[in-house]
Every structure is written in C-alpha cells, then in structure tokens.
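Order of listing sets the numbers, starting from 1, for every ligand and every atom in it. Hydrogens, waters and symmetry mates play no part in the numbers below; they use all other heavy atoms, side chains included.
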Amino acid sequence: MEERRSKSPGGIKVFDAFPKVATQHSVRSSRGGSSTIFLMIFVLFIAYVEIGDWFDGTMDRNFTVDNNGDDSLNINIDIVVAMPCNFLHTNVLDFTRDRTLAADYLSYEGVNFFIPSIYLLNDQRHVVTPDMDEIMKESLLAEFRIGISDPNSGAPACHIFGNIPVTKVSGDFHITAKGYTYRDFRSNVPPQALNFSHVISEFSFGDFYPFLQNPLDFTARTTNANIQNYQYFLSAVPTLYKRLGVEIDTYQYASTEEEKSFDNPGLGMPGIFFKYDFEAIKLIVEDKRISFTAFVVRLVTICGGLIICFGWAYRGFDKLIILLFGKKVARRGQEKAATFLAT
Ligand SMILES: *[C@@H]1O[C@H](CO)[C@@H](O)[C@H](O)[C@H]1NC(C)=O
C-alpha cells in the first residue's frame with residue numbers, strides 16, 4: 001500500500017479522503033463486479049423512488065376566507081325524472097328572492113326511465129372523497145350539448161340537463177309538477193300521473209368537470225308514492241386544487257337528504273328540492289414539494305452516501321472473511337485474475 005498521508009511542501013499534512021491502491025496491487029474480482037451491478041441497480045431504484053416522491057409531493061390543505069370577488073357560478077345538472085317533460089316545472093329561488101326561470105337555461109328531452117346498474121339506488125349514505133391524482137386526471141372541462149328541447153314528445157320520462165347561472169348565496173333549485181306549487185293549485189296534471197322517482201348523473205357547482213365525482217352523481221331514487229317530496233340539503237365548499245402549475249377552482253359539497261310522501265296534495269308539496277348553501281371559507285388543496293435544486297442536491301447526497309456506505313460494507317465484509325476463513329477463501333474466484341495480472 002502506498003502512503004496515504006503525504007507531506008505537502010508547506011509541511012502541512014494533507015488528508016486524502018479516498019484511499020487509493022496502486023494499480024499493480026489491485027485485482028479484479030467477479031464478486032466485486034456483480035456487487036457493483038447490484039449497487040447500481042439499488043441506487044437507480046432509490047433514485048426512481050425519490051423522483052416519484054418528488055413529483056407526487058405532499059398534500060397540504062389550507063383554509064382561507066373566501067373573498068373571491070366573483071360571486072356567480074353555475075349549477076350543473078343532469079337528471080332524469082320519471083314523468084313526462086310537459087308536467088314538470090323547474091325553478092331556482094335564491095335567498096335574495098331572485099327567481100331564475102331554470103327552464104330558460106336547461107334542456108328537456110323525452111326519454112324512457114331507466115336506472116343503469118352502476119347507479120346507487122335508494123342509498124342514503126354516499127361519501128365521495130376523491131384523491132388529488134383522480135382530480136387532476138379527471139379535470140376535463142366540458143359543456144353540455146344544447147338545443148334539444150322537446151317537452152311535448154310524449155315520452156314517459158324527462159331528461160333535464162344544462163347549466164344554470166346563480167349567485168353565490170343560498171338558494172333552492174327545484175323540480176315540481178305544474179299546478180302543484182304554492183302559487184298555483186289549479187292543476188291539469190292528475191295526482192296519479194305524478195312520479196318523482198329520479199336518476200342523478202350530475203349535480204355540481206362551478207365549472208363543469210363531468211368526470212369529477214360528486215356525492216349525488218350516479219345516484220337514483222324510486223318511490224311508489226305519487227305525492228313524494230325529496231329534499232337534498234347541500235353545503236358547498238369552494239375548493240381550489242393546485243398541482244404543478246395547474247389550478248382547478250371548483251366546489252365540493254356534502255349532501256343530506258330527507259324524503260316524505262303524502263296521501264293527498266293538500267298536505268305537502270310533491271317535488272325534488274335541492275337546497276344549497278355556500279361556506280364562507282375556501283379550501284386550498286395543494287401539493288407541496290421542495291425546489292428542484294434542493295431535490296437534486298438531496299438525490300446526489302443520498303446516492304453518494306449509499307455508494308460510500310456500500311464500499312465500506314464491502315471492504316468490511318472482505319476483512320471479516322479473511323479474519324474468519326483466511327486469505328484463501330477470501331480470494332476465491334480471483335485466482336485467475338491474479339495469475340493473469342502476475343504474468
Ligand atoms: C315511478 O316509476 C318507477 C320506475 O319506473 C316505479 O318503480 C315506481 O313504482 C313509479 N311510482 C309510481 C308512484 O308510479
């Protein structure tokens with residue numbers, strides 16, 4: 001072995017951190033070769049895991065007061081009610097007593113009543129907490145196709161869909177039968193024709209992301225009562241998702257519901273009522289990560305540390321074998337290389 005410490009001209013001892021062995025003394029071993037390959041694979045694996053972790057970041061949730069100046073938003077609706085379109089009446093009534101004739105914005109299409117099997121039927125509890133990956137993958141903005149409105153087609157059920165612009169105050173979107181509202185009891189729709197069984201494919205607030213799951217999406221209710229009252233109480237929380245420069249500004253909501261049936265239309269109003277309210281806070285869901293430079297420094301440190309530790313472990317193992325079994329065993333597999341080098 002060469003002298004590792006040497007005197008510099010100035011007389012100061014210089015310490016060489018990397019032990020060097022003169023090439024004529026070193027032997028190539030097959031054990032060393034395969035462990036180097038193993039080490040490289042291991043380091044690559046660690047690097048891969050670290051890079052993946054960095055991209056994923058860590059989920060961070062924050063609340064702020066929702067002081068977004070824009071106080072108008074859309075309600076996105078896609079519902080099928082088991083009644084002909086020309087019996088139905090849709091409206092939004094909000095806290096400021098502003099009445100929006102929802103029919104001006106919605107499309108009506110005569111269809112047959114049908115509940116796809118993946119829909120949750122008459123299930124009271126339906127909790128949806130999509131994770132960040134899902135939200136980012138499925139945040140595809142869309143618009144409803146517009147134009148078709150044939151309320152008098154005579155089809156047994158009615159497909160109601162579209163976006164209704166509302167102001168961000170509590171309100172009530174409802175689907176009732178003509179002649180059964182408080183205002184107007186002169187009905188031309190007989191009570192036996194009422195059927196408020198319904199299928200909800202979309203009920204959301206804000207920009208329309210059809211692939212984001214909301215609590216009422218893909219749910220259905222059926223009833224055997226004609227005078228049936230469904231009430232959904234929705235509490236919407238403005239939510240901003242942020243990831244890698246992409247922002248999705250939307251709403252989450254929680255839904256509780258109540259259903260009642262009556263023997264006679266004088267006792268209660270039949271219909272489907274969505275009572276909604278907005279929280280004054282905004283939830284910001286963001287994935288945070290260290291800066292790219294910090295990440296590279298960390299990665300280099302981890303990989304470098306691994307390589308050095310592995311080197312120590314390898315040399316320590318070698319020494320241990322020599323100690324336990326003597327040089328012969330330790331040098332097994334190296335004779336060829338050694339003799340080759342010797343000649
Ligand atoms: C309403 O329609 C659904 C589905 O076709 C049916 O199961 C239910 O019995 C009907 N209810 C009434 C009151 O006719």
Side-chain angles (χ1 to χ4, degrees), residues 75-93 102-103 106-128 144-145 148-162 164 172-204 210 213-234 255-276:
I75 300 182
N76 313 298
I77 293 164
D78 187 332
I79 296 173
V80 175
V81 183
M83 260 168 72
C85 290
N86 54 347
F87 290 1
L88 291 173
H89 187 69
T90 50
N91 239 332
V92 174
L93 189 64
L106 296 174
S107 302
Y108 293 78
E109 180 186 24
V111 292
N112 286 317
F113 192 73
F114 166 71
I115 303 174
S117 59
I118 60 155
Y119 281 47
L120 281 178
L121 180 61
N122 297 332
D123 185 339
Q124 296 291 322
R125 286 184 314 126
H126 186 207
V127 181
V128 182
F144 282 108
R145 71 205 150 99
I148 42 161
S149 258
D150 55 343
N152 299 310
S153 69
C158 186
H159 181 200
I160 304 170
F161 58 95
I164 311 170
D172 181 346
F173 164 69
H174 48 251
I175 302 172
T176 49
K178 282 188 181 133
Y180 288 86
T181 55
Y182 290 123
R183 217 164 290 271
D184 169 21
F185 278 111
R186 292 160 294 133
S187 170
N188 49 6
V189 181
Q192 314 83 265
L194 299 182
N195 188 344
F196 281 101
S197 299
H198 60 282
V199 177
I200 304 176
S201 298
E202 175 78 28
F203 195 100
S204 62
Q213 257 259 55
N214 297 288
L216 290 182
D217 294 1
F218 311 122
T219 60
R221 299 278 177 276
T222 55
T223 176
N224 290 319
N226 292 117
I227 315 294
Q228 175 81 28
N229 175 295
Y230 288 105
Q231 302 208 40
Y232 294 97
F233 301 93
L234 311 178
S255 162
T256 49
E257 50 187 290
E258 213 177 87
E259 40 182 283
K260 276 179 251 163
S261 56
F262 306 98
D263 295 332
N264 145 1
L267 299 173
M269 207 198 301
I272 308 166
F273 300 81
F274 296 90
K275 303 197 162 156
Y276 56 85

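For the side chain to side chain contact (heavy atoms under 4.5 Å, CB included) test, residues two or more places apart in sequence or in another chain that qualify with F233 are Q231, T256, E258, K275. Residues that satisfy the side chain to side chain contact (heavy atoms under 4.5 Å, CB included) test with N226, not counting sequence neighbours, are L194. Every residue two or more places apart in sequence or in another chain was checked for a side chain to side chain contact (heavy atoms under 4.5 Å, CB included) with D263, and none qualifies.
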Every pair of nitrogen or oxygen atoms between ligand 1 and the protein that is under 3.5 angstrom apart - can you list them with their distances to 0.1 Å?
unit_1, atom_1, unit_2, atom_2, d
ligand 1, 2 (O), N195, ND2, 2.3
ligand 1, 9 (O), N224, OD1, 2.6
ligand 1, 11 (N), N195, ND2, 3.0
ligand 1, 11 (N), T223, O, 2.7
ligand 1, 14 (O), N195, ND2, 3.4

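Of the possible polar contacts, one joining the S197 side chain to the T223 backbone as a donor-acceptor pair under 3.5 Å is found.
Side-chain contact check for F114 versus V199: every heavy-atom pair is 4.5 Å or farther apart.
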>> Evaluate F274 against F203 for ring pair (Phe, Tyr, Trp, His ring centres under 6.0 Å), listing each step before the verdict.
In response: CA-CA 10 Å; F274 296 90; F203 195 100; 4.3 Å; yes
